[in-house]
Amino acid sequence: MAIWLFKSEPFKFSLEDLKNSPDQTTTWDGIRNYQARNLIRDEIKVGDTVLFYHSRCEPPGVVGIAEVTSEAYPDYTAWDPKSDYYDKKSKESAPTWLMVDVRYEKDLPQMVSLKQMKENPELEGLMVTRRGARLSIQPVSEAHYEIILKMGGLS
DNA sequence: GCCAACGTTGGC
DNA sequence: GCCAACGTTGGC
């Protein structure tokens, strides 16, 4: 079972929004990057753990834990011309973009900021701490995950 | 198939 | 709001 870091801009969709969603579950739609799409298609499985990360805010960081609750399926927002995520390349017969469902699990008692993660030498190699790591879905190792939980007040 | 131009992400 | 880093597009 793998661990992932999912980025979200809290003014668009926050951990709080996830908690308040029906069934505390949402479709993780709008992924429009091939590397992230390939992770969704090939690597991400039901039951995988998600570190919910708030980006483009002060401070950015991991705020909670969620769980993947579906296999990959077509991101239908790509077919909706009114959607911000509309992409005419994606056909219903051959969907370009995929998504999974994600369910709220818990808040971290204390958020773990990007700054803290960068300052912790035990997290060396963690993708999100690297400069220019724009990928919105990133793999996280079990060891790094345990450290982040501890930093967030869980263990 | 190269690569310059452009658009977006996201920390600061 | 700035701008570095990166991904994508499109002319050639």
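Throughout, protein chains are lettered first and strands after them, A, B, ... in sequence-line order, and every chain is numbered starting at 1.
Across B/dG11, B/dG10, C/dG7, the shortest atom-to-atom separation from the side chain of A/K7 is found for B/dG10. Checking B/dG11, C/dT9, B/dG10 against every side-chain atom of A/R134, the shortest atom distance belongs to B/dG10.
Protein atom CD of A/E9 is 9 Å distant from nucleotide atom P of B/dG11, rounded to whole Å. Going from atom NZ of A/K88 over to atom C1' of C/dT9 covers 11 Å, rounded to whole Å. We find that CE of A/M117 is positioned 15 Å from C1' of B/dC12, with the value rounded to whole Å. Taking atom CZ of residue A/F13 and atom P of nucleotide B/dG10, one finds them 17 Å apart after rounding to whole Å. One atom, CG of A/L5, and another, P of B/dG10, lie 11 Å apart when rounded to the nearest Å. Put simply, CD on A/Q116 is 13 Å from P on B/dC12, counting in whole angstrom units. Note: CD (A/E58) to P (B/dG11) measures 10 Å, nearest angstrom. Residue A/E119 contributes atom CD, which lies 14 Å from atom C1' of B/dG11 at whole-angstrom precision.
At least one donor-acceptor pair closer than 3.5 Å links the side chain of A/H144 to the backbone N or O of A/E124.
Side chain A/R56 to base B/dT9: no donor-acceptor pair is found below 3.5 Å.
Between A/F13 and A/W28, the ring planes lie perpendicular to each other; the angle is over 60°, past the 30° to 60° tilted range.
With a 6.0 Å radius and a threshold of 12 heavy atoms from other residues, nucleotides or ligands, A/K106 has its NZ atom at or below the threshold. Around atom NZ of A/K45, more than 12 heavy atoms belonging to other residues, nucleotides or ligands sit under 6.0 Å away.
Using a 4.5 Å cut-off on side-chain heavy atoms (C-beta onward), A/I44 and A/F6 make contact. Looking at A/L149 and A/I65, their side chains come closer than 4.5 Å, going by heavy atoms from C-beta outward.
A side-chain N or O of A/T77 and one of A/R32 form a donor-acceptor pair less than 3.5 Å apart. Inspection of the A/D101 and A/Y73 side chains reveals an N or O donor paired with an N or O acceptor under 3.5 Å.
If you chain together ILVMFWY residues whose side-chain heavy atoms come under 4.5 Å of each other, A/Y85 ends up in a group of its own.
With a cut-off of 3.5 Å on both pairing distances, the Watson-Crick and G-U wobble pairs of DNA chain B assemble into stems of 3 or more at B:1-12 with C:1-12.
With sequence neighbours excluded, no residue forms a salt bridge (Lys or Arg N to Asp or Glu O under 4.0 Å) with A/D17. Legend: residues meeting salt bridge (Lys or Arg N to Asp or Glu O under 4.0 Å) with A/E105, ordered by chain and number and at least two apart, are absent.
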Got a list of protein N/O to nucleotides 3-5 of chain B N/O distances below 3.5 Å?
none

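Within residues 120-133 of chain A, the residues approached by DNA chain C to less than 4.0 Å at the level of any non-hydrogen atom are A/R131, A/G132, in residue-number order.
Contact between the side-chain N/O atoms of A/K89 and the OP1/OP2 oxygens of C/dT8 is not found at any separation under 4.0 Å. At B/dG11, one or more side-chain N or O atoms of A/Y53 fall inside 4.0 Å of OP1 or OP2 (strictly under the cut-off).
Backbone-only contact: A/Q35 has heavy atoms under 4.0 Å from sugar-phosphate atoms and none from a base. Residue-level contact check: A/K115 touches neither bases nor backbone, having no heavy atom under 4.0 Å from any strand.
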Ring pair (Phe, Tyr, Trp, His ring centres under 6.0 Å) between A/F52 and A/W4: does it pass, once the steps are laid out? CA-CA 9 Å; A/F52 200 106; A/W4 307 95; over 10 Å; no
